[in-house]
Structures are given as structure tokens and as C-alpha cells.
There are 2 protein chains.
Amino acid sequence: MAKKKKREGKTTSKIFDDHDHGICFDDAIDQIENYFLKKNLQFTPLRRKVFEILIRDHKPLGAYEILEALGRDGFSSSPPIAYRVLDFLMEHGFVHKIQGLNAFIACSHPNHSHSPAFVICRKCEKVAEVDEKKSGISFASPNIDNFEVEKTTVEMTGVCTTCSRAATI
Amino acid sequence: MAKKKKREGKTTSKIFDDHDHGICFDDAIDQIENYFLKKNLQFTPLRRKVFEILIRDHKPLGAYEILEALGRDGFSSSPPIAYRVLDFLMEHGFVHKIQGLNAFIACSHPNHSHSPAFVICRKCEKVAEVDEKKSGISFASPNIDNFEVEKTTVEMTGVCTTCSRAATI
DNA sequence: CATAACATGTTATAACATAACACTATCAGT
DNA sequence: ACTGATAGTGTTATGTTATAACATGTTATG
Ligand SMILES: [Zn+2]
Ligand SMILES: [Zn+2]
Ligand SMILES: [Zn+2]
Ligand SMILES: [Zn+2]
């Protein structure tokens with residue numbers, strides 16, 4: 001497995017930052033492969049392809065965009081294909097859904113359970129998955145008045161620095 | 001305007017609690033009327049009806065459910081009717097969208113700008129809009145690494161006490 | 001009353017998602 | 001290897017959510 005490049009002190013993640021994506025991509029594939037192996041799950045060509053499509057550009061993709069990509073790569077491209085694989089990958093935490101965009105994105109922090117939070121630029125539509133703890137979002141209190149929270153959706157929409165600089169020029 | 005019944009110390013809001021809904025309903029209509037008056041906006045019969053439909057049961061409703069209700073009340077029930085009015089009411093903060101349900105709900109805390117957070121029971125589909133400050137969610141830091149956050153989506157899905165008690169019987 | 005703006009109505013279609021069933025591959029136990 | 005069970009993929013059809021584009025009506029203003 002390739003060596004990790006840690007970036008301390010940053011709160012947004014690699015999506016808005018430069019990074020060595022070759023390493024990033026390989027690491028991600030490694031991680032998912034190992035996870036599937038350990039859990040005795042099948043990392044089939046279809047599942048691999050969907051994950052690759054998603055992590056390729058760290059971009060949120062709609063199910064139908066994924067289907068097109070699958071079609072181009074010789075897989076079936078009828079809707080259930082994508083939705084089933086996406087559901088599966090989401091169950092295991094390797095893909096998240098961005099509710100505000102009806103789109104799916106590869107997880108940036110796999111291998112440890114987490115409640116993801118997303119920062120979404122409404123101009124360039126780039127999305128960063130941020131770690132709650134680092135982000136200054138203290139999304140505390142999983143228990144609200146005895147309500148048992150099982151899942152959280154946290155999305156922050158706005159404008160990223162690149163886009164806001166571009167606008168003021 | 002009807003007198004307010006304040007409930008201190010509670011973290012979930014009226015949806016999961018008993019409350020005098022007659023007063024609640026009238027208050028809500030008063031507030032939206034006053035707001036529209038002050039801002040010189042038209043509180044048309046259609047807009048009023050949509051808001052009434054939503055606040056009637058504090059229940060999240062899909063756009064097409066709202067359309068049905070509109071149809072029953074003699075209004076047109078083609079999709080753009082609902083979506084336009086909902087967009088308008090959302091712009092002014094009287095309605096929120098629950099992304100996890102593709103549904104719309106009347107605001108529980110109008111008259112002051114806020115970033116709503118929602119507690120959603122996946123069994124009974126009741127939804128409570130909680131106040132960030134009271135809920136123990138401190139959803140702090142609107143600025144993440146210079147990203148200018150304009151809007152937040154916070155939804156917590158789980159099981160409410162009523163449903164979880166019912167399940168264990 | 002002209003006219004600009006806002007609001008509503010209508011038709012068509014786009015975009016997102018699932019149901020139901022058929023077929024194939026993989027794996028365990030015989 | 002045969003058998004049945006489970007999991008994965010393929011296919012068709014349909015359901016659900018949302019918007020585009022344009023027509024008509026309504027209201028405020030000069
Ligand atoms: Zn990368
Ligand atoms: Zn993640
Ligand atoms: Zn009420
Ligand atoms: Zn609200």
C-alpha cells in the first residue's frame with residue numbers, strides 16, 4: 001500500500017486541495033479491496049467499476065451519469081444496476097449520497113465509521129467531505145430528548161474560495 | 001394575536017409533543033400574514049392554502065400530496081403550481097424541505113432567521129424542527145477553511161420514543 | 001387605461017428511483 | 001460432479017419528483 005500523505009491543520013479535504021491523486025486513487029482501491037476481502041464480500045468488476053468512476057475525479061455524480069459511464073465501459077446501463085451497486089457501496093460506507101444534489105460521491109474517509117458532513121460549492125459543484133471534529137462543526141448530541149439518532153445528514157452549501165475569487169475579478 | 005404558550009427546557013419541538021394546535025395554527029397564520037404585509041408581499045389564496053395544508057398536521061408532505069390537497073380544494077393541481085409556491089414560501093423561511101423525504105414542512109420557528117435542523121422518525125415519519133442552540137447540536141463554524149457557507153442542511157434520522165416503546169412491547 | 005410586475009394556469013418533458021421477474025455465477029453440503 | 005441455496009446481474013416496465021416553456025389572468029402604478 002502506498003504511503004500516506006497527511007495534511008495537518010486543514011479543515012476541508014482533498015477535493016478543494018491539490019493532492020497526489022494517483023496515490024489517493026490507489027489507496028482507495030486498496031482500502032476497499034481489503035475491506036471486502038476481510039468481510040468476505042465480493043468486489044465484483046461492476047462494483048469496482050462504479051467505485052472507480054466515483055473516485056476518479058472526487059466528483060459527485062448522478063445515478064444516470066454513472067450509468068452512462070458504465071455503458072461506455074461495456075456494462076449494462078439500466079437504472080437498477082447503478083442503484084443497486086450504489087446502495088451496496090453506501091451500506092459499507094464507501095459511497096455517500098449528497099442529498100442536495102441527488103448525487104453520489106466516493107467516501108474520503110473510509111475505514112472508520114463516521115457521520116460525514118459535506119461542503120458543497122454551488123458554483124463549481126465541487127464537494128468536500130469534512131471530518132466533523134476538524135471542521136469546527138461540532139455536531140454534538142446524538143441524543144436529542146431521548147430520540148435515538150441513527151444517521152445524520154449534514155450538508156453545507158456555499159461558494160468556495162476559488163469561485164468567489166473568480167467572481168470578484 | 002393569540003397568546004404564546006412557551007415551553008422551556010424542551011429540546012424537541014411541538015411535533016413530538018402535545019400542544020394546543022388551534023393556537024399554534026392561528027399564531028402561524030398571524031405571523032405569516034404580518035410578515036407578508038410588512039414586506040409588501042401578496043399572501044394570495046393559493047399561498048395561504050399551501051401553508052395551511054402544511055401546518056395543518058405539522059407533517060412533511062410531498063409536492064404531489066400537496067397538489068392533491070389543492071385539487072380537493074378547487075385549486076389547480078399541476079406540478080408547477082405546488083413547486084412555485086413552495087419555492088416562494090421557502091425563500092421567505094416559512095417552509096423547509098426535508099431532503100431525506102423529498103417533502104416539505106411548515107417552519108416551526110418563523111420570524112427569526114435560522115438554520116433549521118430536523119429530527120426525523122423513520123417509523124412514523126414525524127419530523128421535528130429543532131433549534132440548534134437548544135438541541136445540543138452546536139452546529140458551529142459557518143466558515144470552514146474560508147468556505148463561505150450560505151445554507152445548511154441538517155437532518156437526523158432515527159426512531160422516536162413513541163415508536164421505540166411500541167416496538168419493544 | 002396603459003403597462004409593467006407579479007401570479008397562476010397548462011402542457012409537455014426531464015430527472016430520479018424502484019418493482020418485479022429472469023437469468024447467471026458462486027458456494028456448501030452431499 | 002450434483003443439488004440446492006444465496007448472491008449478483010440483466011431487463012422491462014413503471015412510479016415518483018421536479019422543471020421548462022409558454023399562455024393567461026391579476027394587481028399595482030404612472
Ligand atoms: Zn484524490
Ligand atoms: Zn465518508
Ligand atoms: Zn401545532
Ligand atoms: Zn424553520
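Lettering of chains follows the sequences in order, A, B, ..., and the numbering in each one begins at 1. What you see is a predicted model, and the numbers here were worked out from it, not measured in a lab.
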side-chain contact (heavy atoms from CB on, under 4.5 Å) between B/Met156 and A/Lys151, intermediate numbers included: CA-CA 6 Å; B/Met156 287 159 278; A/Lys151 179 181 171 288; over 6 Å; no
Salt bridge (Lys or Arg N to Asp or Glu O under 4.0 Å) between A/Glu150 and B/Arg122, intermediate numbers included: CA-CA 10 Å; A/Glu150 294 167 345; B/Arg122 68 172 161 75; 2.6 Å; yes
Worked check of side-chain contact (heavy atoms from CB on, under 4.5 Å) between B/Lys49 and B/Leu70: CA-CA 8 Å; B/Lys49 178 57 70 180; B/Leu70 286 174; 3.6 Å; yes
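Taking only side-chain nitrogens and oxygens, B/Ser78 never comes nearer than 4.0 Å to OP1 or OP2 of C/dT11. At least one side-chain nitrogen or oxygen of B/Tyr83 sits closer than 4.0 Å to the OP1 or OP2 atom of D/dA18. Checking the phosphate oxygens (OP1, OP2) of C/dA15, no side-chain nitrogen or oxygen of A/Asn102 falls inside 4.0 Å. Residue B/Lys97 places no side-chain N or O under 4.0 Å from the OP1 or OP2 atom of D/dT17.
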Would you be so kind as to tabulate the donor-acceptor pairs closer than 3.5 Å made by side chains of residues 85-99 of chain B, with sequence neighbours excluded?
{"unit_1": "B/His92", "atom_1": "ND1", "unit_2": "B/Tyr35", "atom_2": "OH", "d": "3.1"}
{"unit_1": "B/His96", "atom_1": "NE2", "unit_2": "B/His114", "atom_2": "NE2", "d": "3.2"}
{"unit_1": "B/His96", "atom_1": "NE2", "unit_2": "B/Glu129", "atom_2": "OE2", "d": "3.3"}

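Residue A/Asn40 contributes atom CG, which lies 12 Å from atom P of D/dA7 at whole-angstrom precision. Note: CE (B/Met90) to C1' (D/dT19) measures 13 Å, nearest angstrom. Distance, A/Asp87 CG to C/dA17 P: 10 Å, rounded to whole Å. For the pair A/Phe88 CZ and D/dG8 C1', the computed distance is 10 Å after rounding to whole Å. Rounded to whole Å, atom P of D/dA18 lies 11 Å from atom CG of B/Leu67. The distance from atom NE2 of A/His92 to atom P of D/dA7 is 11 Å, rounded to the nearest whole Å. Atoms CZ (A/Phe75) and P (D/dG8) sit 15 Å apart, rounded to a whole Å. Nucleotide C/dA15 holds its C1' atom 14 Å from the CD1 atom of A/Ile66, rounded to whole Å.
Applying the side-chain contact (heavy atoms from CB on, under 4.5 Å) test to A/Glu33 and every residue at least two apart in sequence or in another chain returns A/Ile29, A/Asp30, A/Phe43, A/Arg48.
In this structure, D/dG30 forms a base pair with C/dC1, meeting either the Watson-Crick or the G-U wobble geometry with both donor-acceptor distances under 3.5 Å.
Between the base of D/dA18 and the side chain of B/Tyr64 there is a donor-acceptor pair shorter than 3.5 Å.
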Sequence-aligned protein contact record of nucleotides 22-30 of chain D, with B where the base is within under 4.0 Å of a protein heavy atom and S where only the sugar-phosphate is: -----S---
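Nearest heavy-atom pair, B/Phe147 versus A/Thr157, reported as atom, atom and distance to 0.1 Å: CE2-C, 4.1 Å.
Comparing B/Pro79 and B/Leu46 against DNA chain C, the residue whose closest nucleotide sits nearer the 5' end is B/Leu46.
Side-chain atoms of A/Glu155 come within 3.5 Å of backbone atoms of A/Gly100 as a donor-acceptor pair (strictly under, hydrogens ignored).
Counting only heavy atoms from C-beta on, A/Pro80 has its side chain closest to C/dA19 among C/dA19, D/dG8, C/dA17.
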